[in-house]
Amino acid sequence: MDIQNSIQIAVAQAVEQLYGEPTELKKVQINPTPKEFQGDYTVVVFPFVKIAKKAPDAAAAELGAFLLKNVPQISDFNVVKGFLNLSIYEKYWQNFLSEVSENENYGRQPRNGKKTMVEFSSPNTNKPLHLGHIRNILLGWSCAKILDAVGYDIVRAQIVNDRGIAICKSMYSWKTWGDGKTPDSEGIKSDHFVGDFYVLFEKKSKAEYEIWQKTEAAQHFLNEKKKADQTEKEFWAAYKNTWFNQFSELGVAIREMLLKWESHDSATLELWKKMNGWVYLGFEKTYHDLGVEFDKLYFESNTYLLGKDIVEEGLAKNVFFKKEDNSVWIDLTDAGHDQKLVLRGDGTSVYMTQDLGTARMRYEDFGCEKSVYVVADEQNYHFQVLFEILKRLGEPYAAGLHHLSYGLVELPTGRMKTREGTVVDADDLMAEVVRLADENIKERGEVAGFSEAERAEIARKIGMAALKFYMVKVHPKRKMIFNPEESVDLQGQTGPYIQYSFVRINGLMTRVKKENIDLAAAADYQKIEPQEKELLTALHAFPTVIQQAADDYDPSHIANFCYDLAKSYHKFWHDLSVFNADSEAARAFRLKLSAAVGQTLKMGMGLLGIEMPERM
RNA sequence: GGCUCCGUGGCUCAAUGGAUAGAGCAUCUGACUACGGAUCAGAAGGUUAGAGGUUCGAGUCCUCUCGGAGUCACCA
């Protein structure tokens with residue numbers, strides 16, 4: 001059993017035996033002892049001083065004596081200001097290291113037979129993926145990896161928003177102004193090609209709007225509706241949707257196209273398929289470059305009519321109610337929310353209807369008891385309501401639903417805006433970080449033994465590691481400011497810093513293999529140095545960190561762990577010699593320790609979707 | 001305005017209610033004739049937005065104030 005658990009249980013027993021009062025296990029707090037004190041683990045004694053009716057130090061001393069007697073792994077203890085510091089026999093750490101060395105799956109838990117769906121990315125098909133998608137995708141991918149590591153079987157799902165106004169704009173634009181051009185004819189990545197037509201549509205629409213604003217009718221609206229504290233520009237910005245829906249000729253054309261699509265007009269469907277096909281082709285490349293894949297794709301064109309049967313059931317169960325105009329609502333005022341529409345008066349769906357239906361379909365398809373939706377925090381309210389409704393409907397999977405909400409990615413100059421052309425494209429960004437990594441490799445002159453292809457592959461791993469680590473080290477909930485320059489940093493708290501520690505280890509291991517060095521002598525190593533102990537305690541915490549990341553749906557725990565471990569290793573490397581160690585035992589022990597660190601770093605970074613190079 | 005989230009050195013971020021709030025970047029100073037210097041060591045930089053409260057103990061929990069973001073669609 002894990003030493004921390006042993007201590008925890010022993011402390012609970014001690015409290016009961018010494019002071020005659022049982023205590024909850026979770027009240028027993030065991031922390032790694034801070035560097036400046038003697039010991040490996042620390043028991044916080046304060047929670048028991050009341051029960052003990054003694055001063056903290058006296059109680060700590062009593063508990064320490066008890067533990068020393070009853071926990072065989074404990075070699076010594078000391079008390080500082082109510083903290084009980086325990087030292088663990090070196091033999092324990094020796095055994096622990098061997099355990100890690102022999103288990104290449106160290107950190108992973110056995111399969112638990114339960115399923116979890118993780119939904120992420122969920123793009124619109126009218127334009128290419130951007131920086132915001134990258135954060136979403138990295139979080140989703142990593143979250144799936146982490147849940148897999150703690151034992152769940154994972155279904156990675158994507159809901160493709162392939163229908164609606166947006167794609168119609170791209171379609172209309174291409175049909176009207178495209179002159180029959182294709183991605184091939186123009187030599188443009190196909191999703192970008194479609195996106196360019198979307199942008200063109202917005203441009204034409206803007207031009208139409210500006211002309212309209214000068215008409216008499218428009219000026220009439222301006223005078224009538226503009227609020228006193230609004231500038232003319234602000235008014236037109238706010239009025240844009242209304243204008244598009246009521247007065248725009250392009251708006252008419254788009255709605256007409258949408259209606260044709262909904263009535264299965266064959267020419268429209270053909271155009272739709274052609275353009276979506278282009279987009280998917282482009283997405284495929286982007287996903288491939290990001291190193292992610294999906295197990296299941298849901299298409300909104302297949303799901304947008306779902307959920308009406310659930311609305312019927314909800315009415316029958318009196319969870320929902322009908323208003324005079326036949327529209328269906330749920331009253332969530334007792335849960336701190338408002339009334340929410342779930343079906344329009346004319347019987348057509350809204351976003352919520354569709355999500356209700358999709359939730360049930362997902363469950364019917366896979367029977368996942370947990371389901372994670374990776375969606376930006378703009379939609380917090382939507383998901384609160386969605387989950388609350390499903391709970392009230394008594395859906396069996398309702399308790400396992402989780403919205404992994406993350407903050408938007410902003411640039412140092414503020415929010416990304418399509419209109420202002422400040423959207424950072426995913427493909428461009430990846431190409432740029434890899435290019436910079438490649439330049440860096442060349443500058444360092446380490447390329448001597450590398451072929452062109454090898455160098456490109458290493459540059460890819462380094463560049464992507466820089467980008468991914470930069471994004472995933474931040475707590476998901478936090479809005480993050482994406483600084484393009486910092487994202488390609490290769491030094492300090494970065495992906496490449498961690499990769500470098502791995503490469504150092506890899507260098508050692510190559511030599512071990514080449515010289516066929518036997519590590520059995522490690523068992524004779526007597527005096528574990530502080531730098532070594534630091535690595536051991538870090539490795540020891542790895543499974544707990546993964547569990548924590550899984551419980552919190554938070555990959556940043558793993559990122560921070562990997563950074564701390566790499567940092568400790570770099571220090572170890574600098575302070576202590578491995579091959580030139582004083583004794584054969586020390587050399588073997590350090591090699592064994594290095595291998596364990598390397599293995600753990602590789603797995604940890606793998607959970608973040610980051611690959612490790614052998615050389616760099 | 002209601003609800004939700006956020007506020008930690010110049011900047012970007014850490015810190016299951018526990019010991020002197022930690023890192024990185026930037027700035028300054030050092031360390032290879034050494035297993036790879038994408039490294040290491042050191043300096044400087046903080047009233048954790050502010051005020052109360054709970055607690056043996058608060059960056060963390062509660063209340064209020066200030067500042068920022070999101071949301072409050074028969075859009076998705």
Side-chain angles (χ1 to χ4, degrees), chain A residues 26 29 31 33-34 36-37 42 44-47 49-50 55-56 80-83 85 122 124 161 163-166 241 245 300 304 325 327-329 336-338 340-346 348-355 376-382 384 405 407-408 410 412 415 437 440-441 444 446 462 466 470 473-475 477-483 485-487 489-501 503-508 511 544 548 551-552 556-557 559-560 563-564 566-567 569-581 587 590-591 594 615-616:
Chain A
K26 65 178 180 192
Q29 230 181 117
N31 302 323
T33 303
E36 56 269 36
F37 301 100
T42 295
V44 183
V45 178
F46 290 106
V49 295
K50 242 181 210 161
V80 182
K81 292 198 293 185
F83 293 92
N85 302 321
S122 306
N124 289 317
N161 300 306
R163 64 166 285 279
I165 290 285
N241 269 342
N245 289 329
E300 202 201 349
Y304 80 109
D325 65 351
S327 59
V328 182
W329 298 71
H337 303 125
D338 292 325
K340 189 81 187 173
L341 179 85
V342 294
L343 195 68
R344 292 193 187 104
D346 62 5
T348 56
S349 299
V350 290
Y351 182 35
M352 189 61 75
T353 327
Q354 186 182 328
D355 265 8
D377 63 9
E378 298 170 304
Q379 296 199 35
N380 283 353
Y381 184 71
H382 173 76
Q384 276 173 26
S405 159
L408 288 178
E410 293 186 5
R415 215 171 152 165
N440 217 277
I441 292 177
R444 281 169 202 278
E446 303 272 353
I462 295 174
Y470 177 79
K473 72 179 180 184
V474 180
H475 188 101
K477 210 166 68 175
R478 246 184 127 100
K479 174 182 86 182
M480 78 170 290
I481 297 178
F482 185 89
N483 185 325
E485 285 163 27
E486 286 175 12
S487 73
D489 272 351
L490 308 176
Q491 283 155 26
Q493 193 180 28
T494 66
Y497 173 95
I498 300 166
Q499 288 178 322
Y500 185 56
S501 64
V503 166
R504 281 178 147 175
I505 292 167
N506 198 254
L508 297 180
R511 196 168 148 189
T544 314
Q548 189 76 48
D551 292 346
D552 297 351
S556 71
H557 291 312
N560 290 324
Y563 172 69
D564 289 338
K567 188 173 160 64
Y569 190 80
H570 280 308
K571 180 160 175 58
F572 159 87
W573 176 282
H574 179 266
D575 291 355
L576 305 170
S577 287
V578 177
F579 274 107
N580 301 325
R587 186 181 72 160
R590 286 172 194 168
L591 285 168
S594 297
R615 295 183 297 172
M616 62 193 280

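Fair warning: this is a prediction, and the values are worked out from it, not measured in the lab. Lettering follows sequence order; numbering is per chain, from 1.
- For N31(A) and rA19(B), a side-chain-to-base donor-acceptor distance below 3.5 Å is absent, hydrogens and geometry of angles not being considered.
- Side chain D325(A) to base rC74(B): a donor-acceptor pair is found below 3.5 Å.
- Nearest to the side chain of V503(A), among rU71(B), rG36(B), rG24(B), sits rG36(B).
- Of the candidate nucleotides rC74(B), rA19(B), rG18(B), rA19(B) has the atom nearest to the side chain of P34(A).
- S501(A) comes within 4.0 angstrom of no nucleic acid atom, judged by non-hydrogen atoms across all strands.
- In the interface, the side chain of E486(A) is not paired with the base of rG24(B) through any donor and acceptor atom under 3.5 Å apart.
- Using a 4.0 Å heavy-atom cutoff across all strands shown, N506(A) reaches no nucleic acid atom at all.
- Looking at the side chain of Q379(A), the nearest of the listed nucleotides rA76(B), rA38(B), rC74(B) is rA76(B).
- Note that NE2 of H570(A) and CG of D575(A) are 13.0 Å apart. Values are rounded to the nearest 0.5 Å.
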From CA spacing to verdict: side-chain hydrogen bond (donor to acceptor under 3.5 Å, both in side chains), S405(A), N380(A): CA-CA 7 Å; S405(A) 159; N380(A) 283 353; 2.8 Å; yes

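- Residue V474(A) is in sugar-phosphate contact alone, with no base atom involved, counting any heavy-atom pair closer than 4.0 Å across all strands shown.
- In this structure, F37(A) reaches the bases: a heavy-atom distance under 4.0 Å links it to at least one base atom across the strands shown.
- Residue contacts for V350(A): at a heavy-atom cut-off of 4.0 Å it reaches the sugar-phosphate backbone alone, with no base atom in range.
- Counting any heavy atom pair closer than 4.0 Å across all strands shown, F46(A) reaches a base atom.
- Which of rA76(B), rA38(B), rA14(B) sits closest to the side chain of Q491(A) comes down to rA38(B).
- Nucleic acid contact class of I505(A) (heavy atoms, under 4.0 Å, all strands): none.
- Residue V44(A) places its side chain closer to rG18(B) than to any other of rG18(B), rU39(B), rG24(B).
- Residue-level contact check: N580(A) touches neither bases nor backbone, having no heavy atom under 4.0 Å from any strand.
- Of the candidate nucleotides rA76(B), rU12(B), rA38(B), rU12(B) has the atom nearest to the side chain of I481(A).
- Within 4.0 Å of R590(A), counting heavy atoms only, lies no atom of the nucleic acid at all.
- In RNA chain B, consecutive stretches of 3 or more Watson-Crick or G-U wobble pairs with both distances under 3.5 Å are given as paired ranges: B:1-7 with B:66-72, B:10-13 with B:22-25, B:27-31 with B:39-43, B:49-53 with B:61-65.
- Backbone-only contact: H475(A) has heavy atoms under 4.0 Å from sugar-phosphate atoms and none from a base.
- Side-chain proximity of K81(A) to the nucleotides rA19(B), rG37(B), rG24(B) is greatest for rA19(B).
- If you check rC25(B), rA38(B), rA19(B) against the side chain of D489(A), the one that comes closest is rC25(B).
- Closest to the side chain of E378(A), from the set rU71(B), rC13(B), rC35(B), is rU71(B).
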